[in-house]
There are 2 protein chains.
Amino acid sequence: MNELALTYRDFASREATSIESICRALVLHNRDKIQIKKEDRAVQNMVRIVRAVISLSQKKGFQGMSLRDLSQETDLSMGALYNYFNSKEELFEMIYNEGKTTILQILETHATDENPAIRLQQAICAHLYLSETLPRIFSFFFMEAKNLSPKNQKNVITMEQSSERYFEKILLDGIKKGIFQIESHQLMAGALKALLQDWYLKRYKFSSRKISVEQYAQFVIQFVETNLYAPGNR
Amino acid sequence: MNELALTYRDFASREATSIESICRALVLHNRDKIQIKKEDRAVQNMVRIVRAVISLSQKKGFQGMSLRDLSQETDLSMGALYNYFNSKEELFEMIYNEGKTTILQILETHATDENPAIRLQQAICAHLYLSETLPRIFSFFFMEAKNLSPKNQKNVITMEQSSERYFEKILLDGIKKGIFQIESHQLMAGALKALLQDWYLKRYKFSSRKISVEQYAQFVIQFVETNLYAPGNR
DNA sequence: GTCTATATAACGATAGAC
DNA sequence: GTCTATCGTTATATAGAC
């Protein structure tokens, strides 16, 4: 087995990403909307709320989740919930925006090598490891993006495509430096993104087959690289 | 450009798949649930209903779609709608089951060559062309499968995985005959499925880049085949 | 076969006691 | 800071006129 450019262990030790850390940032960024004064209590309960939202959305969709469902799942009354947000829609946007910020930040932190071949491997690993840590957040974003209000719909495209553009840039750099031989960096980046998404959208499949995230990273890198260096590629 | 094992033109001329034909089958299979006696009228209005369901679900999800929305979009009153189904959940299941049957049938019809290399190309093309004809139905299935009642959840897995298993079988056959050299036919089939799903889940992307379904078919075949014949493959 | 009108339940959201 | 009680609205579903 080849060495991975980034191991899950290394990634996990450098990034303490969790729902907790996202919720702390979320509380700080929305101090005006959240009426609870004690920060620790606000974060603590927001964690329960976010966990419940993601879990219930997975079962019936965000629109299908009622605030009574949410109240029951969090053991907070309806009245209490409304101290943490002003409307159901606002709750969605708080979660969405905070997750988006966190994810994009982390992806850019880990792929830094100046050799595009290595940078590509780092980016693939970082994306997979992050979605391994927060699989339900990733699939929540993918499945519920349509619930964003029209004014925020632009951001969806930005989020959905921004990581793809990041891969495109790496591929372009590799082509320019004569390392990669490919015809369409756009199709290639899109295909790569599809393979990365599969990891969190079909989680049950991989876990039932006992495939680890590092094994899958290795597979994806191999699968893509075969096409980057094959001269017959169209 | 290599010749495709199956062109879109050939596929389209053999298959007259459309929402209309699916709705006709749907009406016939649910004669007990639909109270409209004249078949033609039933089919005609069911087409409007199904189109509206898929369109509204795309915007706000099936759960987020109210029957008032549906009434407005179809120009049928609430009362009239209930002559076509007995509950919102039943409507969902009628559409889901009928689409599932149709799709699986068609996929199996087109990949028949005894050479696994060619059969694989045929299956890839058939899957892409069918999802090109009915893109919104495919993404409806993917996004809304969670709305199935628990007793039908088993079927989801069957539907989601049955086409993947079909690809697995082709790959296994190719390995046995010494044509393909791959380590894990399961990972390979999964990756292939992810690439095929990308076509209907990210439709806006491909259409804005003016990539035709045949171009994408060519790309996917190339992308996968490079890995089937590369001896370095893990 | 389709309509209008309505029954009944659940929804998001708020007010005020504690 | 959280609760209970309840507001006004909207949901699914049905009944009966045409």
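Order of the sequence lines sets the chain letters (A, B, ...), proteins ahead of strands, with each chain counted from 1.
- Between A/Lys205 and A/Asp198 there is a salt bridge, with a side-chain nitrogen of the basic residue lying less than 4.0 Å from a carboxylate oxygen of the acidic one.
- To the nearest angstrom, P of C/dG1 lies 15 Å from CZ of B/Arg48.
- Neither OP1 nor OP2 of D/dG1 sits under 4.0 Å from any side-chain N or O of A/Tyr84.
- Rounded to whole angstrom, the span from the CG atom of B/Leu81 across to the P atom of C/dG1 amounts to 15 Å.
- With respect to B/Glu132, the side-chain hydrogen bond (donor to acceptor under 3.5 Å, both in side chains) criterion is satisfied by exactly one of B/Trp199, B/Tyr8, B/Tyr200: B/Trp199.
- Within the structure, side chain to side chain donor-acceptor pair (under 3.5 Å) pairs that include any residue of residues 53-66 of chain B comprise B/Lys60-B/Asp69, B/Gln63-B/Asn147, B/Ser66-B/Asp69 (at least two apart or interchain).
- The distance from atom CD of A/Gln72 to atom P of D/dT4 is 13 Å, rounded to the nearest whole Å.
- The residue A/Gln35 sits close only to the backbone: its heavy atoms come under 4.0 Å of sugar-phosphate atoms, none of a base.
- Taking each heavy atom of B/Thr133 and B/Thr17 in turn, the nearest pair found is CG2-O, 3.5 Å.
- The closest side-chain heavy-atom distance from A/Phe223 to B/Val224 is below 4.5 Å.
- Using a 4.5 Å heavy-atom cutoff, the side chains of A/Tyr166 and A/Leu107 are not in contact.
- Rounded to whole angstrom, the span from the CD atom of B/Gln44 across to the C1' atom of C/dT2 amounts to 14 Å.
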(message) How would you summarise protein contacts on nucleotides 3-14 of chain C per nucleotide, using B for base, S for sugar-phosphate only and - for none, with heavy-atom distances below 4.0 Å?
(response) BB------BBBB
